[in-house]
Amino acid sequence: MKTNNIIVDSFDKLPSPSYVCEEKLLENNLKLLKRIQDEADVNILLALKGFALWSTFDLCKKYLKGCCASGLHEAILAKEEFGGEVHTYSAAFKDDEIDEIISISNHVVFNSFNQLKRYKDKAFGKTSLGIRLNPEYSSVEVDLYNPCAPFSRMGTTKANFDESQLEYLDGFHFHALCEQNVDALEGALAAFEDKFSQYFDKLKWVNFGGGHHITRVDYDVEGLIKLLKDFKSRYPHLKVYLEPGEAIGWQTGYLVGTVLDVINNGMDLVILDTSAEAHMPDTLAMPYRAMIRNSGLAGEKKYTYRLGGNTCLAGDIIGDYSFDEPLEVGDKIIFEDMIHYTMVKTTTFNGIKLPSIVIKHDENSYQIVKNFGYNDYKMRLS
């Protein structure tokens with residue numbers, strides 16, 4: 001670990017709120033991804049946009065090839081804390097950042113041929129260049145997370161493909177999934193090949209992007225391995241990359257909060273020291289229902305409450321949940337599966353303290369790797 005260590009020997013001694021990543025569960029995910037890498041002869045990268053808990057990178061880099069970044073700061077984090085390959089893609093690069101991005105990236109992927117033309121003289125010969133393509137196929141149901149939705153700004157469509165720039169490109173990248181199984185990849189890959197495979201003989205690599213929910217219990221791992229092997233048998237000269245984010249951190253830990261108050265206004269209302277708006281914004285944006293340990297739907301168990309955060313936002317509502325016993329001030333609430341995506345999206349809205357970050361090494365060893373305070377809020381402002 002590269003942070004200050006504070007070791008406590010019980011859950012009750014953890015600060016609240018806290019994100020707790022369970023190291024053994026994380027390693028189980030990494031081992032599965034490593035098996036796919038080995039059996040299918042592909043390269044799996046950690047997508048920092050979904051999982052950037054760099055205190056765990058010493059473990060992650062034992063299993064994965066490197067990181068994919070969405071801009072300069074993620075690329076620097078990958079270079080400094082992970083090592084391995086650094087692949088950087090952005091919807092649009094900036095003039096004052098591109099030189100440093102080129103210098104630390106093994107692959108730089110442009111979103112459009114406009115961007116390639118703008119920066120190719122700087123980048124060509126210094127790093128491996130790619131273009132993100134839009135296969136115009138997706139089975140993602142929520143447009144907020146659908147990179148191939150109508151009018152998407154993500155990637156270049158076939159109608160906008162510029163063959164005159166092929167000499168500068170080593171690879172193609174596409175991303176069409178969001179937490180989906182291999183059948184969704186099969187459909188997207190078929191569309192990708194149909195539109196762009198005539199150019200594959202000029203390439204060195206392809207990147208299948210992210211959204212592969214590989215570590216979910218019902219994911220068809222064997223089907224993925226077969227699909228990857230079949231693709232490589234058709235194009236044996238191409239190196240293949242995948243860059244999942246959620247699959248690394250999936251079901252590896254939780255967010256623990258504390259009941260601050262219980263009031264009634266037509267129903268029982270609980271105020272927590274953790275916030276949907278500040279600490280788990282996807283519950284409002286996607287939206288989705290957060291899982292809470294030992295809870296049920298409203299009315300399913302004896303005591304039903306509406307849980308809310310301690311910000312001034314009226315809509316900072318986590319949802320309605322029921323419990324076997326009444327909730328009291330000081331009780332702990334455990335929100336399951338809060339390590340991927342959630343952690344990277346936190347804010348200090350209202351000056352609310354960010355949750356501490358904890359690594360659980362075993363049943364009786366918790367390492368508090370980061371506590372946050374006033375300065376973290378202040379330094380975001382001026």
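These figures come from a predicted structure and were not determined experimentally.
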* Criterion side chain to side chain contact (heavy atoms under 4.5 Å, CB included) on K301 and N294, from CA distance to verdict -> CA-CA 10 Å; K301 295 176 179 285; N294 300 323; 5.9 Å; no
* Candidate pair Y241 and E85, rule side chain to side chain donor-acceptor pair (under 3.5 Å), full reasoning -> CA-CA 11 Å; Y241 291 90; E85 297 186 34; 2.9 Å; yes
* To do: Show your working on side chain to side chain contact (heavy atoms under 4.5 Å, CB included) between I318 and F335 and close with a plain yes or no.
  => CA-CA 10 Å; I318 297 163; F335 296 91; 3.5 Å; yes
* Determine, stepwise, if the pair R380 / D376 fulfils salt bridge (Lys or Arg N to Asp or Glu O under 4.0 Å). => CA-CA 7 Å; R380 296 181 65 158; D376 298 288; over 6 Å; no
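With sequence neighbours excluded, the residues forming a side chain to side chain contact (heavy atoms under 4.5 Å, CB included) with E336 are Y254, M291, R293, I334, listed by chain and number. In this structure D337 satisfies the side-chain hydrogen bond (donor to acceptor under 3.5 Å, both in side chains) test together with H340, sequence neighbours excluded. Evaluation of the side-chain hydrogen bond (donor to acceptor under 3.5 Å, both in side chains) rule for Y199 yields E163 as partners, not counting sequence neighbours. Residues satisfying the side-chain hydrogen bond (donor to acceptor under 3.5 Å, both in side chains) test with N181, not counting sequence neighbours, are none. Contacts of N265 classified as side-chain hydrogen bond (donor to acceptor under 3.5 Å, both in side chains), with partners at least two apart in sequence or in another chain: none.
Remark: Q198 CD is packed, more than 12 non-hydrogen atoms of other residues, nucleotides or ligands lying under 6.0 Å away. More than 12 non-hydrogen atoms from other residues, nucleotides or ligands lie less than 6.0 angstrom from CZ of R289. By the 6.0 Å contact criterion, NZ on K120 is enclosed, its count of non-hydrogen atoms from other residues, nucleotides or ligands being greater than 12.
Between the N160 side chain and the T157 main chain, no donor and acceptor come within less than 3.5 Å of each other. Side chain of S365 to backbone of D362: no donor-acceptor contact under 3.5 angstrom is found.
A salt bridge between K229 and E222 is absent, with no side-chain N of the basic residue lying under 4.0 Å from a carboxylate O of the acidic one. The pair D273-K353 does not count as a salt bridge, with every side-chain nitrogen at least 4.0 angstrom from each carboxylate oxygen. Salt bridge status for D230 with R234: absent, with no side-chain N to carboxylate O gap under 4.0 Å.
Atoms SG and CD, from C178 and E141 in turn, are 10.0 Å apart once rounded to the nearest 0.5 Å. Taken from CG in L30 to CD in E23, the straight-line distance is 10.0 Å, to the nearest 0.5 Å. In this structure, L133 CG and H175 NE2 are separated by 14.0 Å, a value rounded to the nearest 0.5 Å. Annotation: the span from Y341 atom OH to K345 atom NZ amounts to 7.5 Å, rounded to 0.5 Å. Rounding to the nearest 0.5 angstrom, the gap separating the CG atom in N29 from the CD1 atom in I214 is 10.0 Å. For the atom pair K49 NZ and C67 SG, the distance stands at 13.0 Å (nearest 0.5 Å).
Between L228 and E39 the shortest side-chain heavy-atom distance does not fall below 4.5 Å. Contact of the L33 side chain with the Y63 side chain is not registered, since no non-hydrogen atoms from C-beta on lie closer than 4.5 Å. With contacts defined as side-chain heavy-atom distances shorter than 4.5 Å, the pair L185/Q180 does not qualify. Between H87 and V109 the shortest side-chain heavy-atom distance does not fall below 4.5 Å. Within the 4.5 Å cutoff, the side chain of L169 has heavy atoms near those of the L116 side chain. With contacts defined as side-chain heavy-atom distances shorter than 4.5 Å, the pair N371/P15 qualifies.
Annotation for A123 and L129: closest pair CB-CD2, 3.6 Å, computed over non-hydrogen atoms. Here the shortest heavy-atom pairing between L64 and Q37 reads CA-OE1, 4.2 Å. Here the shortest heavy-atom pairing between G245 and F51 reads O-CB, 4.0 Å.
Checked against the 6.0 Å centroid criterion, the rings of F82 and F57 qualify as a close aromatic pair. Aromatic rings from F196 and F174 are positioned such that their centres are separated by 6.0 Å or more.
Screening residues 112-139 for ring-ring contact (aromatic ring centres under 6.0 Å, His included), with sequence neighbours left out, gives F113-F161, F124-Y168.
Side chains of E193 and Y235: a donor-acceptor N/O pair is present below 3.5 angstrom, by distance only.
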